[in-house]
Structure formats: structure tokens, C-alpha cells
Amino acid sequence: MPEGPELHLASLFVNRMCEGLVFSGAVEKSEVNKNPEVPFCCDAYCIKAQSRGKEVRLTLTPIKNDDDGKRKVSKHHSQQPMDVVFRFGMSGFFRFTSVEDLPKHAHLRFYTNENPRRVLSFVDTRRFGSWHPNGTWQKDRGPCVMFEYESFRENVLSNLSDKAFDKPICEALLNQKYFNGIGNYLRAEILFRLQIPPFTKARTVLEGIELKDKDKKEIKKEITVLEKTDRAGKKGVKVETPDLLSLCHDVPFEVVKLGENGYAPAKGEYSVLQAWMQCYSVDGMNSISDHNGRTIWFKGDPGPMVPKDAKSRKMKWKIQKDDDYTDSKKAKKTRTDSTAIKKPAKKKDNIKVKKESATSKAQSGSKRQKKVTKRVSTEPADETKKLKEQGKRSSKVPPRTGTNKIKGQRVKEVIKTKRNSVTCRKSATKAKPQRKSSGTRRGRSR
DNA sequence: CGTCCACGTCTAC
DNA sequence: TAGACCTGGACGG
């Protein structure tokens, strides 16, 4: 769940768990992980954490020891503090356990000096995460949307000519140079709150804010002059009407509040987040793949810059009751119908597909529809899979409000299987070669 | 057992 | 703008 709020919760977790504890020895890295060793070793040190956008920085500080002066300082023992900056990738998080319960995929470990030692570990199943000994906040990442709000806002509004804002707002929101901390679920939730079509040009949306800001100042002046009047409702003079940028700050904080009572990634806590979500992965919402192959969830009109061949990914359409609730002129209707389960797609042939694709596209359907679906296919049709969604997905979700159905992926329980081994599939054993399919694609640009 | 999907970057054509 | 980088859960056959 690593987006800004989770990174911040991770830092709170580390500070809470490690407060008053003394750590000792070397920092241990798993064999499989390709990140660098952390050259820090100390008889006694403490750990503090801080977050900024989508990064967390741990500071390892040697603890002064009175008789330390005499104690020969082994050259292996650090005397100076060290910062280690983490990025969580898709699956990173911190845990604090006994040595016995070391989680699988605990790739970096800090041990306490207690008797049965305990361990603070950076757990990262997919290993997309990274850490940087003696690191600093990554240059090129903008101000934190949560803790550097004013400069975040300024950074965006004073750089609207940047071509980063030529893109659809939903894609610009993932640009960490301007929206450090926003990720895939936050962008959906934020745009949803304002009902901004995700594929509206970013600059268009943001220029509106810039103007309003100016208006606001003007209005303020007027007001001081006019004193109170009846303008109340109109310009929202009363309490700041939320705009896209303020929501980039407020919405993440809502998530922080949800999790303050216990940071437990990979655990049932996720269901709380799911229950909170109003759009991302929610039944009845629309979703399509953006220009970077990332799924954007939204309600209603996708907006003008929607990818040409963008077909709905997995319309949650299960709820047909709608039709009117969204109004959204064509948008929804269209794609929903595009259905026409054209190919059952059999699969196989993938091999040849490669070449074929060029010509065929349409019929080569086989191959991994998914992929095809995304880009290649020119035909509007092809939803193929839509049906599958329908029943399942939502079903298992927790009771919740009934308003939000949750998709269905992992939900509480599950845990139980205890395996401590830090087993990791050695690269050597990589059975499957490629399979380029996997949905995730890089992201962002400049 | 195979396919698709995942809360994110990185880096080569 | 395509992959690459990874593991694993949900689903479908």
C-alpha cells in the first residue's frame, strides 16, 4: 500500500516501535536483494524515521557511552550517524518482530541488543523497493504533498508551462516531481472527489486553480471593504472550497488517520483502506488503462484525452442499475456496450503471435487478450473478459458499508501460514523466462 | 496449471 | 513508450 500516507505511517510505526530501544551490531541484508549493503555497525545505536512524499529516511544514531572514550573504537564500528533512504516499490513496509518471526522477504534487518533479540525489518515481497545508505531525499522529487504543502502548491502553480502538464491530469498526478506522495489509488480518489474527468488536460485543471487563487485574494480585499454582505454561498468565500491541490494534501491525511491505530501492512488493515475508498477498485466505477498502462478508476466521463484505444479494463459494471446516476453523456454507455464479447480468445500461439500481431491484430485475438486489449487492438470491441468480473470480485469483500464493495484481493485472514524463512527464489531458479504480459508498466515520464 | 493483475519506479531502444 | 524488475493472490479451465 505504499503511497504517501503509507510511507508516513511506516515512519510513525518505526518511531513508535523503536522508541527507547537500543540496536546493536551490523545491518543485515538478504542475499537475494540487489540493493547495496548498509555499511553501518555499532554496539549501540537508535533508530528514528521521517517520511517525505513516497520516501522514508531512517537515521541510525550511535549512542554515546561514557566509558566509550577508553573503549578502543574498532574501525568496524560506526561513530557517526547514518541516513538510509527507502523507497517502497509496490510492496515494501517495515515490521518489528522477534528473530523467530522474521517475515519472509525481510530484506534489510536491524537487530536490537535485547536478549532474545528483536528485529526491525524492511519487508519487500516484490523487491521493487530500494534503499540508499548515506542517501538523501531523491532529487527531482518535489515537495511532499502532506508535509510541505505550501511549497508543493507553489511548485505546481509556478511551473504550469512545464510539458508535464500537457498530459491528462490523471497521469500528471503520478509525476513525483510535482506530486510527491500521490499514487494510483490517491489520484483516483482525489479526482473523484471533484468529479474531474481523469483525461482532462492537466494544465486546464490547474490554471483554473491559479485563477481562483487570484480571485480569492481579490475577493478578500473586497470583503474587507464591504464588510459582510450576502454573498455567502457564491464564491465559497466562507471556508476554502477544496480544489485539486488542497485535496492532494487532505485526502492523504484521511488515510493517515485511518491507520494511526496500528500500522499493519499485509494484514487486515487493508480492508479499512478499502472501505474508505470511494472510487478506486470500487464496484460500479469505471476503469481504463492510461497512456502508461496504469489503471485509472473514475466515475462518469473519462475526458477528452482518453487513450485512443483505451477500452475499459474491467468495467465493474456489474451494477446495471446505473445508467442515469452518472449522466455522463456518452462515455460510460459507449464502452459498456463495446462489450460484444468478441473473442473467447483461446490462448496459446503466443509464440507466433509476435509476428502475426502486426497484420492480424484483430483476429490474432488469442495471445494475451489483456495486452492486446490495451494497445494494439484498434477495434473498439473486444472487451472479452468483462464478464468474468461481474460475479466474483466484489463478492468476498468484507461486510462493510455495502456502499463500497471491495475488489477482492487479499483480505484479512490469510496470514496464518507461518514461514520464517527468508526464502527467496534465487534468481538462478527462475523458472519462467519472460512473460512480458504482466500488467505493470513503467510509469511517469520526465 | 496458466493468465491477469497489483498501492512504482528505472532504463534502454 | 516499451519492457524490466519480482512475487503471489484470484480466477478460469
Side-chain angles (χ1 to χ4, degrees), chain A residues 1-7 9-10 32-35 53-55 86-93 104-105 107 123-130 138 140-141 167 171 174-177 180-189 252 255 259 265-266 269-270 273-274 277 280-281 287 289-295 297 307 313-314 344-348 350 366-376 384-385 387-397 406-411 413-414 417 423-427 429-446:
Chain A
M1 326 156 50
E3 289 186 26
E6 288 76 20
L7 279 277
L9 286 168
V32 284
N33 201 289
K34 293 169 182 162
N35 280 300
K54 255 183 259 183
E55 296 183 304
F86 292 79
R87 290 200 278 287
F88 285 13
M90 296 285 268
S91 57
F93 61 93
K104 190 179 181 182
H105 304 299
H107 294 299
V123 183
D124 183 10
T125 306
R126 297 181 67 183
R127 279 183 264 154
F128 290 171
S130 64
Q138 187 174 237
D140 286 352
R141 296 190 77 102
K167 305 188 172 211
E171 292 169 22
L174 292 184
N175 186 334
Q176 303 299 295
K177 179 175 177 183
N180 191 6
I182 301 302
N184 206 22
Y185 80 74
L186 284 172
R187 69 170 177 172
E189 296 299 319
V255 178
E269 292 312 301
Y270 193 49
L273 181 60
Q274 287 182 311
M277 289 171 174
Y280 182 86
S281 188
S287 66
S289 184
D290 69 15
H291 294 287
N292 295 321
R294 300 266 262 153
T295 300
W297 289 83
R313 259 254 189 147
K314 38 180 42 156
K346 33 193 77 266
K347 81 201 356 97
K348 285 299 85 293
N350 31 1
S366 29
K367 155 189 305 205
R368 135 177 319 58
Q369 53 211 78
K370 176 75 316 154
K371 187 122 184 189
V372 176
T373 303
K374 300 161 74 55
R375 304 197 144 5
V376 187
T384 72
K385 57 180 34 30
L387 294 184
K388 97 186 182 184
E389 305 301 348
Q390 187 145 297
K392 284 26 180 76
R393 292 239 179 282
S394 56
S395 61
K396 64 179 9 131
V397 177
I406 289 86
K407 182 193 314 185
Q409 21 186 73
R410 92 295 248 309
V411 182
E413 35 151 299
V414 183
T417 54
T423 66
C424 297
R425 181 175 295 165
K426 285 295 191 174
S427 50
T429 63
K430 79 171 35 184
K432 316 209 139 215
Q434 55 335 28
R435 171 154 292 74
K436 40 196 76 265
S437 62
S438 81
T440 60
R441 257 161 212 105
R442 60 89 183 41
R444 162 273 227 352
S445 50
R446 82 172 265 69

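Heavy-atom basis, side chains included; hydrogens, waters and symmetry copies ignored. Chain letters run A, B, ... following the sequence lines, proteins first and then strands; every chain starts at 1.
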Answer yes or no for this row: Phe88(A) ring on dG8(B) base, centroids under 5.5 Å, planes under 30°.
-> no

Between Lys104(A) and dT7(C), is there a side-chain N or O to OP1/OP2 distance below 4.0 Å?
-> no

Check whether the side chains of Ser91(A) and Asp124(A) place a donor and an acceptor atom closer than 3.5 Å, and report yes or no.
-> yes

Nearest whole angstrom, please: distance from the C1' of dG8(B) to the CG of Asn184(A).
-> 10 Å

d(CD, Gln138(A); P, dG8(B)) in whole Å = 14 Å

Phosphate contact (dT7(C) OP1 or OP2) by Arg127(A) side-chain N/O below 4.0 Å | yes

Report the distance from atom CD of Gln176(A) to atom CD1 of Ile182(A), rounding to the nearest 0.5 Å.
-> 8.0 Å

When rounded to whole Å, the CG to C1' distance for the pair Asn292(A) and dA4(C) reads 15 Å

Heavy-atom closest pair (Pro5(A) atom, Gly181(A) atom, distance to 0.1 Å) is CD-O, 4.3 Å

Which atom pair, heavy atoms only, marks the closest approach of Pro307(A) to Ser289(A)?
-> CG-O, 3.6 Å

Regarding the side chain of Tyr280(A), the nearest nucleotide among dT7(C), dG8(B), dA6(B) is dA6(B)

Is Thr295(A) near enough to dA6(B) that one of its side-chain N or O atoms lies under 4.0 angstrom from OP1 or OP2?
-> yes

Rounded to the Å, how far apart are Arg187(A) CZ and dA6(B) P?
-> 10 Å

Side-chain contact check for Met90(A): nearest option of dC5(C), dG8(C), dA6(B) is dA6(B)

Using a cut-off of strictly less than 4.0 Å, decide whether Arg87(A) has a side-chain nitrogen or oxygen near OP1 or OP2 of dG8(B).
-> no

Taken to the nearest whole Å, CG/Leu174(A) to C1'/dT1(C) is 16 Å

Whole-Å distance between dC5(C) P and Asn33(A) CG?
-> 15 Å

Does any donor atom in the side chain of Asn292(A) or Asp290(A) lie under 3.5 Å from an acceptor atom in the other side chain?
-> no

What's the CZ-C1' distance between Phe86(A) and dG8(B), to the nearest Å?
-> 17 Å

Phe128(A) CZ - dA6(B) P separation (whole Å) | 13 Å

